[in-house]
Amino acid sequence: MTPRPAASPIRLRVRAIAEAKPGPVLGAVLNAYWPAYRRWIARADPLTAGACRDLIARHMPELAPVLERIAALGPEKDRDKLVRFLSLYRPPRVVRGCSQAILRTDDGPVLVRNYDHAPHLCDGIVLASSWLGTRVVAVTDCLWGALDGINEHGLAVALAFGGRPDTGDGFGAQLVVRYLLETCRTTAQARAALDRLPVSMPYTFVTLDRAGDFTTAFCGPGRPARFEHANASTNHQGAVEWPAYAAHCQTVERLDRIRDLLTSQDPRDAEDAFLRPPLYRTDYARASGTLYTSVYRPAAGTLTLRWPGQEAAFGIDHFEPSDRTVTIGTPQPAGT
């Protein structure tokens, strides 16, 4: 199935902000985005603020004080709603696309991935923080969740929708990524956490650490986590279980393309291929367009965000706040 092209290039605002502990900088983002967040979480199953606090305390106790600190940055009259939102427990269903690969380079292993979704549903925030004493740089989702990121120990983590419409008890995948970045140093530790954390929808998590150890974790409600030493993943967890979605997002074709790249090209060529079809997608109207390509180098502790003809570099040790608008929707021409 051929994806619909974007009607015209789309502009996406991307801000890089640095704040060690949740404070006025993150609070300004929360208050600006809160009306949209509040409408979104109102679609979720009702849970009391007390129940949400208990769930965080049971499964992610390290994040409990962070939740309270962030909730205090929003409108006091909405405090219970803020706690419900920040818990990200049984959130509304979110279906997105991603392509992910582990590349071997002379400078160490690299995690490269495309994040595909609707532009208006993207936070557009790269946040440098140290909430629990570990420095983290992450692309945020739902303010304190993360779509992907890296910590000072060299652990990089990214998520991808798992290709089934199931929902169940568990946390949103973006909060799981955040938890791994805040509390784990290695892939082995991340694997142990993923083995016990409930996830509300089928999601695939890729982790890569500084030593080069990596795993692809297939998680979701109603099934135990399954771990594979796979260096490529898209939006199905082994077999295709949602054929209409698989055809729409070309999950099989994208996975085949990544596997070809891993065997036939040098790492830089493989990385560049994420800026071209079929990995680079432009069906933004159906929440299936590429918003960014992220490249994580654990040995260096860096993240590079790439768009066709543009890029922005960030590091655990060198992070410059910025505010830029990038153009998406036009794949990079071959040979550039």
Side-chain angles (χ1 to χ4, degrees), residues 14-17 19 21-22 25-27 29-30 32-34 36-41 43-44 47 52-53 55-56 59-71 73-74 81-96 98 113 115-118 121-132 134 136-151 155-162 167 170-184 190 193-194 197-207 217 219-220 291-292 294 296 303:
V14 179
R15 287 178 286 166
I17 62 176
E19 190 174 51
K21 307 297 181 185
V25 176
L26 196 64
V29 177
L30 171 59
Y33 289 7
W34 176 235
Y37 289 150
R38 182 176 54 204
R39 290 192 297 272
W40 179 73
I41 201 62
R43 294 161 36 204
L47 285 173
C52 292
R53 289 185 171 99
L55 287 162
I56 292 289
H59 296 284
M60 304 178 177
E62 300 91 337
L63 292 184
V66 183
L67 181 150
E68 297 299 339
R69 187 163 184 165
I70 295 176
L73 299 173
K81 292 185 177 68
L82 281 159
V83 171
R84 172 67 186 100
F85 163 67
L86 292 168
S87 76
L88 287 169
Y89 196 84
R90 290 191 67 104
R93 192 174 78 169
V94 178
V95 175
R96 37 193 156 200
C98 300
R113 70 78 139 260
Y115 177 67
D116 300 354
H117 201 33
L121 297 177
C122 180
D123 280 2
I125 300 290
V126 182
L127 174 65
S129 61
S130 181
W131 294 344
L132 301 178
T134 293
V136 174
V137 173
V139 182
T140 72
D141 188 54
C142 292
L143 190 73
W144 77 321
L147 300 171
D148 47 76
I150 189 168
N151 67 24
L155 179 68
V157 186
L159 60 74
F161 175 61
T167 60
F171 296 96
Q174 62 272 73
L175 190 57
V176 173
V177 172
R178 169 62 68 178
Y179 182 77
L180 300 179
L181 292 169
E182 296 291 338
T183 65
C184 300
L194 288 167
L197 288 172
V199 182
S200 65
M201 288 191 66
Y203 266 85
T204 298
F205 301 90
V206 174
T207 76
C219 301
L291 302 187
Y292 63 84
S294 56
Y296 287 95
L303 155 65

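- Side-chain contact between Leu147 and His117 is absent, with no heavy-atom pair separated by less than 4.5 Å.
- In this structure, Ser87 and Ile56 approach most closely via the heavy-atom pair O-CD1, 4.0 Å.
- For the side-chain contact (heavy atoms from CB on, under 4.5 Å) criterion with Met60, the lone passing option out of Leu55, Val176, Leu67, Thr183 is Val176.
- Here the side chains of Tyr203 and Gln174 are not in contact, with every heavy-atom distance at 4.5 Å or above.
- In this structure a side-chain-to-backbone donor-acceptor pair under 3.5 Å is missing from Arg84 to Arg38.
- Residues Pro91 and Gly170 approach most closely at CD-O, 4.3 Å, considering heavy atoms.
- Scored by the salt bridge (Lys or Arg N to Asp or Glu O under 4.0 Å) test, Arg93 finds no partners at all (sequence neighbours excluded).
- Pairs of residues two or more places apart, or lying in two chains, that qualify as salt bridge (Lys or Arg N to Asp or Glu O under 4.0 Å) and include a residue from residues 171-182 are Arg178-Glu182.
- Here the side chain of Arg43 pairs no donor or acceptor atom with the backbone of Pro92 at under 3.5 angstrom.
- With Asn151 contributing its side chain and Val137 its backbone, the two residues share no donor-acceptor pair below 3.5 Å.
- Every residue meeting the side-chain hydrogen bond (donor to acceptor under 3.5 Å, both in side chains) condition with Thr140, not counting sequence neighbours, appears here in chain and number order: Asp123.
- Going from atom OH of Tyr179 over to atom CG of Leu63 covers 7.0 Å, rounded to the nearest 0.5 Å.
- Side-chain atoms of Glu19 come within 3.5 Å of backbone atoms of Val25 as a donor-acceptor pair (strictly under, hydrogens ignored).
- A heavy-atom distance below 4.5 Å is not found between the side chains of Val94 and Phe161.
- Under the ring-ring contact (aromatic ring centres under 6.0 Å, His included) criterion, Tyr292 pairs with Tyr115, sequence neighbours left out.
- Side-chain atoms of Trp144 come within 3.5 Å of backbone N or O of Leu86 as a donor-acceptor pair.
- The salt bridge (Lys or Arg N to Asp or Glu O under 4.0 Å) search around Arg90 returns Asp45, Asp169, not counting sequence neighbours.
- Taking every heavy atom of both residues into account, Cys219 and Val199 meet most closely at CB-CG2, 4.1 Å.
- Every residue two or more places apart in sequence or in another chain that forms a ring-ring contact (aromatic ring centres under 6.0 Å, His included) with Tyr37 is listed here: Tyr33, Phe85.
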